[in-house]
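Data block below; observations after.
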Amino acid sequence: MLSAHTAEGEVPVPRPARHRYGAPMRALILHGPDDLRLQQVPRPEPGAGEIVVAIDAALTCATDAKTLVRGGHPSLGPLPAAFGHEGTGIVAATGAGVSGVAVGDAVAVANSAPCGSCEWCRAGREGLCSGITYLSGTYAEYLLVPASIVAVNVVPRPAGLVASLAALAEPVACGVRAAERSSARPGDSVVVLGGGLQGQVIGMVLARRGCEVVLCDPHRDRRELALRMGVQRVADAPRDAAGIARVRELTPGGLGAHATVAAVGAVGVWEAAAALTRAGGEVNFHGGPAPDAILGIPAARLHYQEITLQASYHHTPGTFRRALAMIDADRDLFGALIGPEIGLEQVAASLAAHGPKRIVRPGPCGDG
Ligand SMILES: [Zn+2]
Ligand SMILES: [Zn+2]
């Protein structure tokens, strides 16, 4: 019998040997705005090139909270749709022609795969791939992983890394991607607005690069976490012109940051980020805004101060792997980004409460 992957604080996972095609499993299915249902659905069966993963840890995400309110997301496709995009588990079944991964392997599964051949993939911007395959459905006992993702974005879990930390690879990869988009150099001043997981990761990566990072967030616990993650300074989030002036005073000469990152998908935060950027500096907009949101930035500043605007979205196979390695190298630090465990039945309430990131245990479905 295959032994379940267990570690301190982790519960046993469903054993791959128990995988039975067509048997029912529990899964959260999104039907519309604020309509998330825990349902019994058939267990998936892998086709050629596909694998089925028994999920031992999924994670809640602010993107899922937004998607639940809005009743959709560009990556989700038509409703009803399987929900949840951060997860990891044990390979329970493999389809014909699958190589490099076998039943019983512990794997981290990214929620997308680029085609590898389009204009954007060839330019190293795989998140923009015109033929990207998205994957959703980690809030379930089993996840069917399409062949395109099996081919490029199923990565072995590092030995001894607990499932909940391996499931962090996807969101951390997005933050790594945002930080890698930044042209900030060692010694440059950086302001990160937002101390959620994305802001924490971006602040950490840029501080490790040698930048002087100020992270702003209204919550004290997030500011304290940012200092643990390695940023040099923290401040309250600027809410108005006076708040922006206060943060600006924390940058060299009070001139604003060489690079700012808006790690929240809210227009007001994006405008504050632009206002905090010094002449010749760069703003990175990160975090998904509402579809109808319109940004208002004084056009004259862009011209007369040569402000560069850029954005970052999603991740790449490279950042997914780098994120997993970063997490593995700093397990305690990244563990601080995750809140306590919940079951599938608590996911909707947890997302609605906009609480901390939670570990979701879909658990064995109790069929012996
Ligand atoms: Zn996410
Ligand atoms: Zn592509």
Side-chain angles (χ1 to χ4, degrees), residues 28 30 36 55 57-70 72-77 81-89 108-140 143 146-153 155 163-179 194-202 263-265 286-289 312-320 323-324 326-327 334 337-339 342 347-348 350-360:
L28 282 170
L30 184 68
L36 186 62
I55 298 291
L59 295 172
T60 62
C61 171
T63 298
D64 292 341
K66 284 187 291 192
T67 302
L68 180 56
V69 169
R70 295 172 190 167
H73 187 271
S75 67
L76 206 57
F83 202 42
H85 65 278
E86 299 174 8
T88 179
V109 182
N111 64 331
S112 68
C115 76
S117 59
C118 74
E119 171 189 340
W120 293 276
C121 284
R122 291 197 310 273
R125 301 178 71 172
E126 294 102 322
L128 306 179
C129 171
S130 59
I132 196 167
T133 305
Y134 284 112
L135 176 62
S136 182
T138 56
Y139 297 143
L143 175 71
S148 56
I149 294 181
V150 174
V152 298
N153 256 343
V155 182
S164 53
L165 281 174
L168 262 184
E170 191 276 333
V172 170
C174 295
V176 170
R177 164 89 179 129
L197 186 138
Q198 295 302 317
Q200 298 287 350
V201 172
I202 293 164
V264 179
H286 185 68
S312 54
Y313 167 66
H314 207 52
H315 50 73
T316 67
T319 57
F320 187 71
L324 193 59
M326 276 175 55
I327 294 163
F334 282 94
L337 297 172
I338 314 174
I342 57 174
V347 168
S350 176
L351 294 176
H354 294 281
K357 203 166 195 60
R358 299 294 199 105
I359 305 167
V360 182

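For the numbers below, each heavy atom of this structure counts, side chains included, while hydrogens, waters and symmetry mates do not. All ligand and atom numbering here is 1-based and tracks the order in the structure. In this chain, residues are counted from 1 in sequence order. Predicted, not measured: the structure shown is a model, and the values here were computed from it.
Looking only at side-chain heavy atoms (C-beta outward), Val172 and His315 stay at 4.5 Å or farther from each other. Val109 is not listed as a side-chain neighbour of Ile55, based on a closest heavy-atom distance of 4.5 Å or more. Counting heavy atoms from C-beta on, the side chains of Val360 and Ser350 never come closer than 4.5 Å.
Angle SG(Cys118) to the Zn ion (ligand 2) to SG(Cys129), rounded to 10°: 120°. Between NE2 of His85 and SG of Cys61, the angle at the Zn ion (ligand 1) works out to 110°, rounded to 10 degrees.
The Zn ion (ligand 1) lies closest to atom OE2 when only the N/O/S atoms of Glu86 are considered.
Using modelled atom types, no side-chain atom of Asn111 and backbone atom of Leu135 make a donor-acceptor pair closer than 3.5 Å.
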